[in-house]
Amino acid sequence: PGPLVPLFAGLAILYLVGMVVFLPTFAKVRSELTVAVLAFFASMGAGLSLLGGADLLAVPILAYLGVFAIVTGSCCMLRLPFTALPNPLRPLAFYVSLAASWLLLAWLILTPNGRALLLPATMAYMVVISGGITGGYLITVGLRSRLLSVKVKATGGGLGFASCCIGAQ
């Protein structure tokens, strides 16, 4: 096996466990936000599994599919900070972000210099988008809230995303 297989496998398991732990919340409350969180956990688990498979089997297409899943799932997390935008702008902001992310990913995959940066750029993207922007947004919401339940859930969720994304990478 390639040298990164154990790392990718361990991280994939971490995100898949997070997804399983989150499923009861998703079953109770189905909203745009819970769908985004579930999509993030699932895409990270799938993406890291595909990266591990690419490293194990030396099949580059698996790596491309893996980074596509990671970038897409991370972009889904932007739905949380986009809730601060007026409702008509939320979907537009999400789809523009998604298109820009996919264009960046296409450039990374289709250029020789980009392919050399593919994995570090994908992981940096995930850390910045999911850990930094989304985690930071949730922490800010929690700190500003006067409701104890929102304060605890938002701050805890933000710290969880930030520490998971940044710490895992």
Next on the checklist: Is the ring pair Tyr15/Phe41 parallel, tilted or perpendicular, if the boundaries are 30 and 60 degrees?
Outcome noted: tilted
Next on the checklist: If I take atom SG from residue Cys76 and atom CG from residue Leu33, how far apart are they, to the nearest 0.5 angstrom?
Outcome noted: 12.0 Å
Checklist entry - Is Leu89 reachable from Val96 through a run of I, L, V, M, F, W or Y residues, each pair having side-chain heavy atoms under 4.5 Å apart? => result yes
Checklist entry - Judged by atom type as modelled, is there a donor-acceptor pair below 3.5 Å linking the side chain of Thr155 to the main-chain atoms of Val152? => result no
Next on the checklist: To check you understand the geometry: which heavy-atom pair defines the closest contact between Leu108 and Leu117, and what is its length?
Outcome noted: CD2-CB, 4.2 Å
Checklist entry - Is the closest side-chain heavy-atom distance between Leu118 and Leu105 below 4.5 Å? => result yes
Next on the checklist: Closer than 3.5 angstrom, by distance alone: can the side chain of Ser163 be matched with the main-chain N or O of Gly160 as a donor-acceptor pair?
Outcome noted: yes
Checklist entry - About how many Å separate CZ of Phe40 and CG of Leu80, when rounded to the nearest 0.5 Å? => result 10.5 Å
Checklist entry - Would you say the side chain of Phe8 lies within less than 4.5 Å of the side chain of Leu50, judging by non-hydrogen atoms? => result no
Checklist entry - Are Ser74 and Tyr125 close enough that a side-chain donor and a side-chain acceptor fall under 3.5 Å? => result no
Checklist outcome for this item: Closest non-hydrogen contact found for Ala54 with Leu62 is CB-CB, 3.7 Å
Checklist entry - Run the side chain to side chain contact (heavy atoms under 4.5 Å, CB included) check on Cys75 and Thr72 step by step: do they pass? => result CA-CA 5 Å; Cys75 199; Thr72 302; 5.7 Å; no
Next on the checklist: If you count every heavy atom of other residues, nucleotides or ligands that lies below 6.0 Å from Arg144 atom CZ, does the total exceed 12?
Outcome noted: no
Checklist entry - Any chain of hydrophobic side-chain contacts (each under 4.5 Å) joining Leu147 to Leu143? => result no
Checklist entry - Can you find a heavy atom in the side chain of Leu4 that is under 4.5 Å from one in the side chain of Leu119? => result yes
Item to check | Quiz item: cation-pi between Arg90 and Phe82, 6.0 Å / 45° | outcome: no
Next on the checklist: If I compare all heavy atoms of Ser101 with all of Val71, which pair ends up nearest, and what's the gap?
Outcome noted: CB-CG1, 3.6 Å
Checklist entry - Got a donor-acceptor contact below 3.5 angstrom from the Thr134 side chain to the Ile129 backbone? => result yes
Checklist entry - Under 4.5 Å between side-chain heavy atoms, hopping through other hydrophobics if needed: is there a path connecting Ile61 to Phe68? => result yes
Checklist outcome for this item: Rounded to the nearest 0.5 Å, the CG atom of Leu103 sits from the CG atom of Leu98 at a distance of 10.0 Å
Checklist entry - Going by heavy atoms in the side chains, are Pro112 and Arg115 under 4.5 Å from each other? => result yes
Checklist entry - Shared ILVMFWY cluster between Leu159 and Val141, side chains joined below 4.5 angstrom? => result no
Next on the checklist: Main chain of Ala12, side chain of Ser49: is a donor-acceptor contact present, judged purely on distance under 3.5 Å?
Outcome noted: no
Next on the checklist: Before you tell me yes or no, could you show the steps for Met126 and Met44 under side chain to side chain contact (heavy atoms under 4.5 Å, CB included), namely the whole-Å CA-CA distance, both residues' side-chain angles and the distance that decides it to 0.1 Å?
Outcome noted: CA-CA 9 Å; Met126 189 270 302; Met44 289 301 297; 3.8 Å; yes
Checklist entry - Counting only heavy atoms not in Lys153, do more than 12 sit closer than 6.0 Å to its NZ atom? => result no
Checklist entry - Any idea which heavy atoms bring Thr83 and Tyr137 closest together, and the distance? => result OG1-OH, 3.0 Å
Checklist outcome for this item: Heavy atoms of Gly52 and Val5 approach each other most closely as O-CG2, 3.6 Å
Next on the checklist: For a 4.5 angstrom cut-off between non-hydrogen side-chain atoms, does Val37 reach Thr34?
Outcome noted: no
Checklist entry - Would you say Arg79's side chain and Ala36's backbone share a donor-acceptor pair under 3.5 angstrom? => result no
Next on the checklist: To the closest 0.5 Å, what do you measure between CZ (Phe94) and CE (Met77)?
Outcome noted: 11.5 Å
Item to check | Flag side-chain contact, heavy atom, 4.5 Å: Leu14 against Val17 | outcome: no
Next on the checklist: Let's go through Ile70 and Leu51 carefully: what are the C-alpha distance in whole Å and the side-chain angles of both, what is the deciding distance for side chain to side chain contact (heavy atoms under 4.5 Å, CB included) to 0.1 Å, and is it a yes or a no?
Outcome noted: CA-CA 10 Å; Ile70 290 169; Leu51 286 173; 3.6 Å; yes
Item to check | For Val35 against Phe26, the heavy-atom pair lying closest together | outcome: CG2-CE1, 3.7 Å
Checklist entry - Do Phe22 and Ile13 share a hydrophobic cluster, counting only Ile, Leu, Val, Met, Phe, Trp and Tyr and linking them when any side-chain heavy atoms are less than 4.5 Å apart? => result no
Checklist entry - Given Thr25 and Lys28, is the side chain to side chain contact (heavy atoms under 4.5 Å, CB included) satisfied, shown in steps? => result CA-CA 5 Å; Thr25 301; Lys28 285 185 221 167; 5.9 Å; no
